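Below: the structure, in structure tokens.
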Amino acid sequence: MKTESHIKTLRELPIGARARVMRVGGEGPLRRRLLDMGLTKGVEVKILKAAPLGDPVEITLRGYRLSLRKSEGDCLLLATQA
């Protein structure tokens with residue numbers, strides 16, 4: 001049985017979804033900041049919850065929790081399993 005992966009941004013994932021980072025985009029200080037927080041290629045992330053108005057979202061990765069604005073999450077390309 002073959003599983004198909006779908007590429008999405010953080011904004012497109014529902015709460016409870018798991019995905020792997022495929023690419024970290026952005027430029028300059030924003031990209032560096034995302035990489036410094038551990039968002040590197042191959043890392044698994046899970047969407048934990050979102051603020052009442054939907055922004056920011058809380059994710060877990062590498063054993064810790066991180067809150068990101070959706071605009072920052074748009075720099076991440078994530079692969080989900082279908």
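These figures come from a predicted structure and were not determined experimentally.
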Shortest non-hydrogen separation from [X] to [Y] and the atoms involved:
X: Leu61; Y: Gly38; result: CD1-O, 3.5 Å
X: Cys75; Y: Gly26; result: SG-CA, 3.9 Å
X: Glu72; Y: Leu34; result: O-CD1, 4.1 Å
X: Ala19; Y: Leu78; result: CB-CB, 3.8 Å

At what distance, to the nearest 0.5 angstrom, does [atom1] of [X] lie from [atom2] of [Y]?
X: Ile47; Y: Leu10; atom1: CD1; atom2: CG; answer: 4.5 Å
X: Glu12; Y: His6; atom1: CD; atom2: NE2; answer: 12.0 Å
X: Leu30; Y: Ser71; atom1: CG; atom2: OG; answer: 8.0 Å
X: Arg69; Y: Asp55; atom1: CZ; atom2: CG; answer: 8.0 Å
X: Leu77; Y: Thr9; atom1: CG; atom2: OG1; answer: 8.0 Å
X: Arg23; Y: Lys41; atom1: CZ; atom2: NZ; answer: 10.5 Å

Exercise. Between Arg62 and Glu44, is the closest basic N to carboxylate O distance under 4.0 Å?
Worked result: no

For this session: Look at Asp74 together with Arg11 and state whether they make a salt bridge at an N to O cut-off of under 4.0 Å.
Result: yes

Exercise. side-chain contact (heavy atoms from CB on, under 4.5 Å) between Ile15 and Leu48: does it pass, once the steps are laid out?
Worked result: CA-CA 6 Å; Ile15 293 172; Leu48 295 178; over 6 Å; no

For this session: Check the pair Leu39, Val45 against side-chain contact (heavy atoms from CB on, under 4.5 Å), reporting the backbone distance first and the verdict last.
Result: CA-CA 9 Å; Leu39 290 160; Val45 299; 4.0 Å; yes

Problem set entry | Arg20 side chain vs Val43 backbone, donor-acceptor pair below 3.5 Å | no

For this session: Could you tell me whether the side chain of Arg31 and the main chain of Val24 form a donor-acceptor pair under 3.5 Å?
Result: yes

Problem set entry | Pair Leu66-Glu58, side-chain contact (heavy atoms from CB on, under 4.5 Å): steps then yes or no | CA-CA 6 Å; Leu66 174 67; Glu58 185 177 348; over 6 Å; no

Exercise. Are the side chains of Leu68 and Leu76 in touch, meaning some heavy atoms are under 4.5 Å apart?
Worked result: yes

